[in-house]
Amino acid sequence: MALPLLSIFLFSSLTLFSLTESKLNVDYYNKTCPQFEKIIQQIVVDKQLAAPTTAAGALRLFFHDCMVGGCDASLLISSNSFSQAERDTDINLSLPGDAYDVVTRAKTALELQCPGIVSCADILAVATRDLITMVGGPFYKIRLGRKDSFESYAKDVEGHIARPNMTMDTIINMFSSKKLNVQEMVALMGAHTIGFSHCSEFSKRLFKFSQTSEFDPTMNPTYVQALQTLCGNNTKDMAAFNDVMTPGKFDNMYFLNLQKGLGLLASDQAMIYDQRTKPFVELYAKDQDAFFKAFAHAMEKVSVYKVKLGKMGEVRRRCDVVNQLQVNPNKKIGS
């Protein structure tokens, strides 16, 4: 018997987010790899204690991966003689090695415990969540069952990851294209409460900013002087903490900093002046719980963006190489 027309219409109107959400499961590995989360947690703790910037690096790695074609670990694939992968495009070159390393370590341990079961995409999602929690951020559930992509191309990256010199209109539209609204965007930008940025990403705010001002007048002058000293030597691309007050702690200090002219990146500081983003900056500055709830919700939403399911992907044996290239290294990715 044919379905009524209204039922067909309602089914076809379901969002991809809802459909994907229903196919992923927090208990996905309970039977096939019951030690999954325990193994990742131990790797994460050891790595973060040894390299305290790992949490911020993994968070960037996760976000840069998900924003380009979905959360499918395509960013972990290495370039080869046939094609340049996402990780080697300019905006991803500054992603820290410790972030890749924590995923590699977890994958190695999981392959010994339950070979061929856990995807690199799931490892990255859970490791990121655990690292955020470890440095004081909120815990949120991760639905599991993602598959890893078959391919990765540098040409696919541009236009999907925000750059510090982009206008607020451009950034809002970019997030909107991923089904993320302004409030979710502001919450996710709060990830800059940990981590650092290189001078090349903000030095234009410090020197010869305009004909009327040596530096960006929205910045705190004392802060500018310290950054000018740091970045004055053009021979080295030094780095500064995104949050100058509590750089190693995931909290709402980032938003308080914006109110004081202590935003490091131009795109961050601009949020306190744009009427679309300002109310959320002010809310999160005075209410850390509100920020944590919004951030956790947004991260859950990002984590299921365009995930690969079933035959749309694979479980890579190594996170940096698709399985077909491990069998035949002369074969072109995606062919």
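Side-chain atoms are counted along with the backbone in the values below, which use heavy atoms only and exclude waters and symmetry mates. Note that this is a predicted model, so its numbers are computed, not measured.
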Check against side-chain contact (heavy atoms from CB on, under 4.5 Å), His198 and Ser94: CA-CA 8 Å; His198 291 276; Ser94 62; 4.0 Å; yes

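- The hydrophobic cluster containing Met174 also contains Met168, counting ILVMFWY residues as joined when their side-chain heavy atoms lie under 4.5 angstrom apart, directly or transitively.
- Hydrophobic clustering keeps Val26 apart from Leu110 (ILVMFWY residues linked when any side-chain heavy atoms are closer than 4.5 Å, directly or through intermediates).
- Proximity of Leu265 to Ser197: side-chain heavy atoms (C-beta onward) are separated by under 4.5 Å at one or more points.
- Minimum interatomic distance between Ile194 and Gly248 (heavy atoms only, all atoms of both residues): CG2-C, 4.2 Å.
- The two atoms that bring Phe196 and Ala239 nearest to each other are CD1-CB, 3.6 Å, heavy atoms only.
- With hydrophobic clusters built from ILVMFWY side chains whose heavy atoms lie under 4.5 angstrom apart, Val126 does not share a cluster with Phe139.
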Audit row: Asp101, Arg105, salt bridge (charged side-chain N to carboxylate O under 4.0 Å, His left out) steps and yes/no: CA-CA 6 Å; Asp101 183 60; Arg105 291 186 184 201; 2.7 Å; yes

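- The hydrophobic cluster containing Tyr273 also contains Phe280, counting ILVMFWY residues as joined when their side-chain heavy atoms lie under 4.5 angstrom apart, directly or transitively.
- Val157 places none of its side-chain heavy atoms less than 4.5 Å from the side chain of His64.
- For the atom pair CG (Asp287) and CZ (Phe292), the distance works out to 10.5 Å, reported to the nearest 0.5 Å.
- Using modelled atom types, one side-chain atom of Gln48 and one backbone atom of Pro52 make a donor-acceptor pair closer than 3.5 Å.
- Taking a cutoff of 4.0 Å between a charged side-chain nitrogen and a carboxylate oxygen, Glu214 and Arg205 do not qualify as a salt bridge.
- A 4.5 Å side-chain heavy-atom check between Met253 and Val244 finds every atom pair outside the cut-off.
- Cluster membership for Val44 and Leu49, using ILVMFWY side-chain heavy atoms within less than 4.5 angstrom, is shared.
- Among all heavy-atom pairs drawn from Met299 and Phe62, the shortest one is CE-CE2, 3.5 Å.
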Test log, rule salt bridge (charged side-chain N to carboxylate O under 4.0 Å, His left out), inputs Asp72 and Lys147: CA-CA 6 Å; Asp72 58 7; Lys147 292 295 188 289; over 6 Å; no

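- In this structure, Lys178 fails the cation-pi test against Phe175, since its NZ or CZ atom is not both closer than 6.0 Å to the six-membered ring centre and inside 45 degrees of the ring normal.
- The backbone N or O of Arg316 sits less than 3.5 Å from a side-chain atom of Asp148, completing a donor-acceptor pair.
- Salt-bridge check for Asp289 with Lys293: failed, with every basic side-chain N at 4.0 Å or more from each acidic carboxylate O.
- Taking the side chain as every heavy atom from C-beta outward, Glu314 and Lys308 never approach each other to under 4.5 Å.
- With Glu282 contributing its side chain and Pro279 its backbone, the two residues share no donor-acceptor pair below 3.5 Å.
- Between Lys107 and Glu111 there is a salt bridge, with a side-chain nitrogen of the basic residue lying less than 4.0 Å from a carboxylate oxygen of the acidic one.
- Formation of a donor-acceptor pair under 3.5 Å by the Asn80 side chain with backbone atoms of Ser83 is found in this model.
- Checking side-chain atoms of Thr229 against main-chain N and O of Gln225 turns up a donor-acceptor pair under 3.5 Å.
- Using a 4.5 Å cut-off on side-chain heavy atoms (C-beta onward), Ile43 and Val102 make contact.
- No close placement of the Phe291 and Tyr254 rings is indicated, their centers lying 6.0 Å or farther apart.
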Working for salt bridge (charged side-chain N to carboxylate O under 4.0 Å, His left out), residues Arg163 and Asp90: CA-CA 11 Å; Arg163 293 180 181 271; Asp90 68 329; 3.0 Å; yes

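- Note: Tyr140 and Phe295 have perpendicular aromatic rings, judged against thresholds of 30 and 60 degrees for the angle between ring planes.
- Checked by atom type and distance alone, the side chain of Thr193 never pairs as donor or acceptor with a backbone atom of Gly190 at under 3.5 Å.
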side-chain contact (heavy atoms from CB on, under 4.5 Å) evaluation trace for Leu144 with Phe36: CA-CA 11 Å; Leu144 303 166; Phe36 163 66; 3.5 Å; yes

Residues Ser149, Val322; criterion side-chain contact (heavy atoms from CB on, under 4.5 Å); working and verdict: CA-CA 8 Å; Ser149 69; Val322 298; 5.9 Å; no

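- Using modelled atom types and a 3.5 Å distance limit, the side chains of Asp98 and Thr54 yield no donor-acceptor pair.
- Closest of all the heavy-atom pairs between Ala240 and Leu227 is CB-CD2, 3.9 Å.
- Of the possible polar contacts, one joining the Thr277 side chain to the Asp274 backbone as a donor-acceptor pair under 3.5 Å is found.
- Distance check: Thr104 OG1 to Arg318 CZ gives 9.0 Å after rounding to the nearest 0.5 Å.
- Taking OG from Ser303 and CZ from Arg146, the interatomic distance works out to 4.5 Å, rounded to the nearest 0.5 Å.
- Under the 6.0 Å distance and 45° angle rule, Arg87 counts as a cation-pi partner of Tyr100.
- The environment of CE in Met134 is crowded: more than 12 heavy-atom neighbours from other residues, nucleotides or ligands sit within 6.0 Å.
- Ile123 has its side chain within reach of Val118: a pair of non-hydrogen atoms, C-beta onward, lies under 4.5 Å apart.
- Checked by atom type and distance alone, the side chain of Asn252 pairs as donor or acceptor with a backbone atom of Ala285 at under 3.5 Å.
- With Asn257 as reference, Asp243 is the one residue of Thr246, Asn242, Asp243 to meet the side chain to side chain donor-acceptor pair (under 3.5 Å) rule.
- A salt bridge is absent between Glu300 and Lys141; no separation between the charged side-chain nitrogens and carboxylate oxygens falls under 4.0 Å.
- Proximity of a side-chain donor or acceptor of Asp237 to a complementary backbone N or O of Cys199 within less than 3.5 Å is detected.
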Stepwise side chain to side chain donor-acceptor pair (under 3.5 Å) check, Ser213 with Ser210: CA-CA 5 Å; Ser213 179; Ser210 69; 4.8 Å; no

Val307 vs Leu24, side-chain contact (heavy atoms from CB on, under 4.5 Å): CA-CA, chis, key distance, verdict: CA-CA 9 Å; Val307 299; Leu24 299 175; 4.1 Å; yes

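- Annotation: Phe241, atom CZ; neighbour count of heavy atoms from other residues, nucleotides and ligands within 6.0 Å does not exceed 12.
- Here the closest non-hydrogen pair linking Ala55 and Val135 is CB-CG1, 4.0 Å.
- Within 6.0 Å of atom CE in Met245, 12 or fewer heavy atoms from other residues, nucleotides or ligands are found, so the atom counts as exposed in its surroundings.
- Scanning both residues, Phe250 and Pro138, for their nearest heavy atoms gives CE2-CD, 3.9 Å.
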Stepwise side chain to side chain donor-acceptor pair (under 3.5 Å) check, Gln183 with Tyr284: CA-CA 10 Å; Gln183 182 172 9; Tyr284 300 150; 3.2 Å; yes

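- The backbone N or O of Asn30 lies less than 3.5 Å from no partner atom in the side chain of Asp27, so there is not a single donor-acceptor pair.
- Taking the charged nitrogens against the carboxylate oxygens, Lys155 and Glu86 have no contact shorter than 4.0 Å, which rules out a salt bridge.
- Residues Leu95 and Asn92 have side chains in contact (heavy-atom distance under 4.5 Å, counting atoms from C-beta outward).
- Put simply, the side chain of Leu61 reaches to within 4.5 Å of the side chain of Leu76, judged on heavy atoms.
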